[in-house]
Amino acid sequence: MIKLGVLASGRGSNFQSIIDSIDRGALDAEIACLITDNRSAYAIERARLHNIPHVYINPAGYASRDIFYRSIADELQFCEVELVVLAGFMRVVKKPLIDAFPMRIMNIHPALLPSFKGLNAQKQALDYGVRIAGCTVHFVDEEVDSGPIILQEAVPVFSDDTEESLSARILESEHRIYPLAIKLFIEGKLRVTGNTVKIGD
Ligand code: GAR
């Protein structure tokens with residue numbers, strides 16, 4: 001059974017969708033640890049409720065970003081993690097962590113990448129006036145919200161949408177495609193060539 005390490009900064013609803021997929025037998029995985037950079041992240045409560053080991057790593061306690069990410073990599077390696085899952089981890093991941101888990105770090109972003117990278121992606125989409133929005137699961141490289149795309153799901157944007165209503169619609173898609181992308185990884189069905197991912201046996 002593959003060991004996952006989850007990094008989250010806040011609410012942790014994507015973390016929960018992964019926990020639920022494991023619990024109902026849809027994902028053959030174990031969450032070896034949750035790492036958070038925010039002491040008051042609700043994700044910690046979710047970990048407690050499900051007896052998942054969790055660690056708070058205080059970014060202010062490190063002399064540099066590189067040392068911060070090296071210590072996260074150390075923690076994940078200590079837990080024998082094979083796939084790192086960023087679930088609302090609101091930081092740009094740096095080289096020491098990426099090098100420790102090459103093409104083994106996934107992220108979910110609430111936009112159809114490469115559109116609307118960075119913060120408040122749903123508001124960016126509304127402000128731009130797009131008719132279709134969505135979410136993307138991708139492998140992580142050193143740029144912001146960048147790296148080979150694994151899965152995307154589109155949702156409609158309605159004329160009376162608010163940031164909240166659009167975010168809620170996108171979140172439903174997120175909770176569907178993130179566990180699915182992890183499942184494809186576990187089953188060895190993802191082949192990365194350059195910046196593209198082929199899905200198959
Ligand atoms: C999700 O919408 C996720 O896509 C987004 O943060 C939210 C976290 O929600 N991530 C990013 O914007 C990363 N660039 P959650 O804590 O309930 O999973």
Side-chain angles (χ1 to χ4, degrees), residues 4-23 27 29 31 33-50 52 54-57 59 65 69 72 83-94 97-98 101 105-128 130 132-157 161-183 185:
L4 308 177
V6 177
L7 271 60
S9 300
R11 177 178 61 183
S13 73
N14 277 290
F15 174 42
Q16 186 70 51
S17 78
I18 297 162
I19 294 171
D20 293 345
S21 297
I22 293 172
D23 282 355
L27 264 187
I31 303 178
C33 68
L34 167 77
I35 297 179
T36 171
D37 61 340
N38 171 10
R39 200 194 305 270
S40 51
Y42 187 66
I44 296 172
E45 189 55 30
R46 297 182 194 271
R48 274 203 198 102
L49 288 168
H50 293 270
I52 295 168
H54 50 92
V55 188
Y56 162 62
I57 298 189
R65 287 299 89 163
Y69 282 105
I72 290 181
L83 176 67
V84 181
V85 176
L86 308 186
F89 186 65
M90 303 312 267
R91 290 177 179 274
V92 181
V93 173
K94 299 289 185 200
L97 179 53
I98 293 170
F101 293 91
I105 307 176
M106 282 185 190
N107 180 45
I108 188 147
H109 184 69
L112 294 173
L113 291 174
S115 295
F116 311 129
K117 297 180 177 187
L119 294 176
N120 307 316
Q122 304 93 331
K123 180 169 188 308
Q124 291 184 54
L126 277 181
D127 289 349
Y128 202 92
V130 295
I132 295 171
C135 53
T136 304
V137 179
H138 62 97
F139 285 116
V140 170
D141 67 17
E142 283 178 58
E143 309 293 319
V144 178
D145 296 320
S146 154
I149 289 172
I150 302 165
L151 291 177
Q152 294 187 300
E153 191 168 291
V155 305
V157 180
D161 261 330
T162 60
E163 191 181 345
E164 289 69 34
S165 63
L166 179 59
S167 299
R169 193 174 308 121
I170 294 173
L171 199 60
E172 277 183 37
S173 290
E174 294 186 40
H175 296 163
R176 249 191 314 274
I177 68 169
Y178 215 177
L180 191 54
I182 295 167
K183 186 175 188 325
F185 179 93

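Start at 1 and go down the list; that is how both ligands and their atoms are numbered.
Closest heavy-atom approach to atom 5 (C) of ligand 1 among the candidates Pro110, Ser9, Ser17: Pro110. When the heavy-atom distances from atom 2 (O) of ligand 1 to Met90, Arg46, Lys117, Glu174 are ranked, the shortest goes to Glu174.
In terms of polar-atom proximity, Asn107 is not counted as a contact of ligand 1, lacking any N or O under 3.5 Å from an N or O of the ligand.
The two residues Gly134 and Ile170 make their nearest non-hydrogen contact at O-CG2, 3.5 Å. The minimum heavy-atom distance linking Ile149 with Leu113 is given by the pair CD1-O, 3.7 Å.
Below 4.0 Å from some heavy atom of Arg11 lie the following atoms of ligand 1, by number and element: 9 (O), 15 (P), 16 (O), 17 (O). Set against the non-hydrogen atoms of Gly88, the atoms of ligand 1 under 4.0 Å away are 6 (O), 8 (C). Which parts of ligand 1 touch Asp145 is read off a 4.0 Å heavy-atom cut-off, strictly below it: atoms 14 (N).
When only modelled atom types and interatomic distance are considered, Thr36 and His54 share no side-chain donor-acceptor pair under 3.5 Å.
When Ile182, Asp20, Leu180 are each tested for a side chain to side chain contact (heavy atoms under 4.5 Å, CB included) with Leu27, only one passes: Ile182.
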**Item:** side chain to side chain contact (heavy atoms under 4.5 Å, CB included) between Ile105 and Leu86, intermediate numbers included
**Value:** CA-CA 7 Å; Ile105 307 176; Leu86 308 186; 3.8 Å; yes
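A 6.0 Å sphere centred on NZ of Lys117 holds more than 12 heavy atoms belonging to other residues, nucleotides or ligands.
Within the structure, the closest approach of Gly12 to ligand 1 falls below 4.0 Å when heavy atoms are considered.
Distance check, rounded to the nearest 0.5 Å: CD1 of Ile22 to CD1 of Ile52 gives 7.0 Å.
The nearest heavy-atom contact from the protein to atom 10 (N) of ligand 1 is Ile108 O, 3.6 Å. Scanning the protein for heavy atoms near atom 15 (P) of ligand 1, the closest one is Ser13 N, 3.4 Å.
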